[in-house]
Colleague: 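I have a structure here, written as structure tokens, and I will follow up with some questions on it.
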Number of protein chains: 2
Amino acid sequence: MTIEKGYTTTLSVDGVTIDRRDIEMLEAIDDHGSMHSAADELGRSYARLQNRIVEIEDAVGPVTERRRGGRGGGGTVLTQNARDLRRRFDRHAAELNGVARVTESVISGTVRDRTGELATVETTVGSILALVPEDASEVQVSIRSDAVVLTDPDETPRGDDTSLRNRFSGTIVEVESGDAIDRVVVRLGDGATLQALVTRASAERLGLEAGRSIMASFKATAARGIGVDSRSES
Amino acid sequence: MTIEKGYTTTLSVDGVTIDRRDIEMLEAIDDHGSMHSAADELGRSYARLQNRIVEIEDAVGPVTERRRGGRGGGGTVLTQNARDLRRRFDRHAAELNGVARVTESVISGTVRDRTGELATVETTVGSILALVPEDASEVQVSIRSDAVVLTDPDETPRGDDTSLRNRFSGTIVEVESGDAIDRVVVRLGDGATLQALVTRASAERLGLEAGRSIMASFKATAARGIGVDSRSES
DNA sequence: CGGCGTTGTATCGACATAGATACTACGATA
DNA sequence: TATCGTAGTATCTATGTCGATACAACGCCG
């Protein structure tokens, strides 16, 4: 039984929620120059599609310029507004896609101190500065592997001059080579591990391989805590 | 007109898709100890709710232990399976929530070189190493503000010993103070700006304020390019 | 002028989802 | 044993979404 993380991307503007279907509709209109052919290609009914366009325009403003008349006389073209919307959606989707694909490391701990959203979480591997939005004392801190920076421990005696607030030394347990990206698993101590995504070039430059000791850092703003109520303890 | 980024979180297991509603259902059952009271609290019909439980269990395995009999005799309690599912969902939701809330910086450029997912993107502020999944030559590179590391330019002559592949010098344009987190806008040159989220403590330590020159770095794996076809040019 | 392919609008029906209702089975407790 | 509050099941109905269909308005083009 494998559990797959999923999501749907949306943009909300003034009440209406634009989803992927809407964006595909705009793309099809852009490709074919008319709502009718767009509806045909998408296998949708023209009536619904046209209604949806009007619905969107009521909220977003004009996304199309529509002219009646056939045989070269009429048609529909997108406005810049629509193109902006589309790009915005694509960016948002790409970001979410990144999150869904990237592995995350989870470390449990208890909140020691907090000022606003920022909290100090005490864990078995040490204190972690993280964002924990909810009011919780027992938390799981989740760190996305694309936010973990690896540095050579020999050449970085300091750490006061960056905004990287969380720094841990560990040893590399595993290096999984990908296409151009390697996934590195770092054991921090006490069994807790941290995964990092690094480019192949960085991996070679740092000489990353199993057994090497390494420094793993990540920003407090990239670490997120999720409250765990006592009931849910394993 | 403000556009709000949105998303819906789901977990897919063996055909069924568990959404927030399902998780809330599990929480309500956990709180009240019976499906009936859970249905009452949620304003849902018992029949549907019970059906949904069975549906989920067909795919996920047992998430409840249900016993008939009233007045202390019966009731429903969650299994560890359900608690794991719930926590997993919460983590996933928290990650996505982070993405939706965090601002991003966008820099346009053209792909120069690529090996697999990794590409060198030529922009007005210099080359950026980024992940660009699709086959595109004109891209927009999007960098989440929680992935940008700020460092003091005077004290960081190096750059070879970390996995931070993208480093740019710039000047701070704006510092917006939040609760415990500050949002810093850095001008890289040519009008392109990069936003960074840093803790208040880091901001003070680095002496971040408008006009200060600063080094902004981010990992290649945290920079994502989205293809822009020629039509959509502004 | 007639035809064709558009936009625009209204209505009907298919379908899926979920609430409403009713009834059975069950088990601890008063 | 009667009661009460559970679980389990079946059926009907409301609702919302979308496709299907039909038709009017429009405008270029042959």
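Naming convention: chains lettered A, B, ... in sequence-line order (proteins, then strands); numbering from 1 in each chain.
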Colleague: Take B:Leu49 and A:Gly74, find for each the nucleotide of DNA chain C with the closest heavy atom, and name the residue whose nucleotide sits nearer the 5' end.
Modeller: A:Gly74
Colleague: Separation of B:Asp22 atom CG from C:dA18 atom C1', in whole Å?
Modeller: 13 Å
Colleague: Just to confirm, is there a sub-4.0 Å distance from OP1 or OP2 of C:dT7 to any side-chain nitrogen or oxygen of A:Thr76?
Modeller: yes
Colleague: If I take atom CG in residue B:Asn51 and atom C1' in nucleotide D:dA10, what distance separates them, rounded to the nearest angstrom?
Modeller: 10 Å
Colleague: Rounded to whole angstroms, how far apart are CZ on B:Arg66 and P on C:dC26?
Modeller: 15 Å
Colleague: Does A:Arg21 reach a base, just sugar-phosphate, or nothing at all? Heavy atoms under 4.0 Å.
Modeller: sugar-phosphate
Colleague: Mind checking whether A:Leu11 and B:Glu4 have side chains closer than 4.5 Å, heavy atoms only?
Modeller: no
Colleague: Rounding to a whole Å, what distance do you find between B:Glu55:CD and D:dT9:C1'?
Modeller: 15 Å
Colleague: Distance check needed: C:dT7 P versus A:Glu57 CD, whole Å only.
Modeller: 12 Å
Colleague: State whether a side-chain donor-acceptor pair under 3.5 Å links A:Arg20 with A:Thr8.
Modeller: no
Colleague: Atom CZ of B:Arg67 to atom C1' of C:dT29: distance rounded to whole Å?
Modeller: 14 Å
Colleague: Output the distance between atom CD (B:Gln140) and atom CD (B:Glu104), rounded to the nearest 0.5 Å.
Modeller: 9.5 Å
Colleague: To the nearest angstrom, how far is A:His32 atom NE2 from C:dT6 atom P?
Modeller: 11 Å
Colleague: Rounded to whole angstroms, how far apart are CZ on B:Arg68 and P on D:dT9?
Modeller: 7 Å
Colleague: Looking at every strand, decide which applies to B:Arg48 at a 4.0 Å heavy-atom threshold: base, sugar-phosphate, or nothing.
Modeller: base
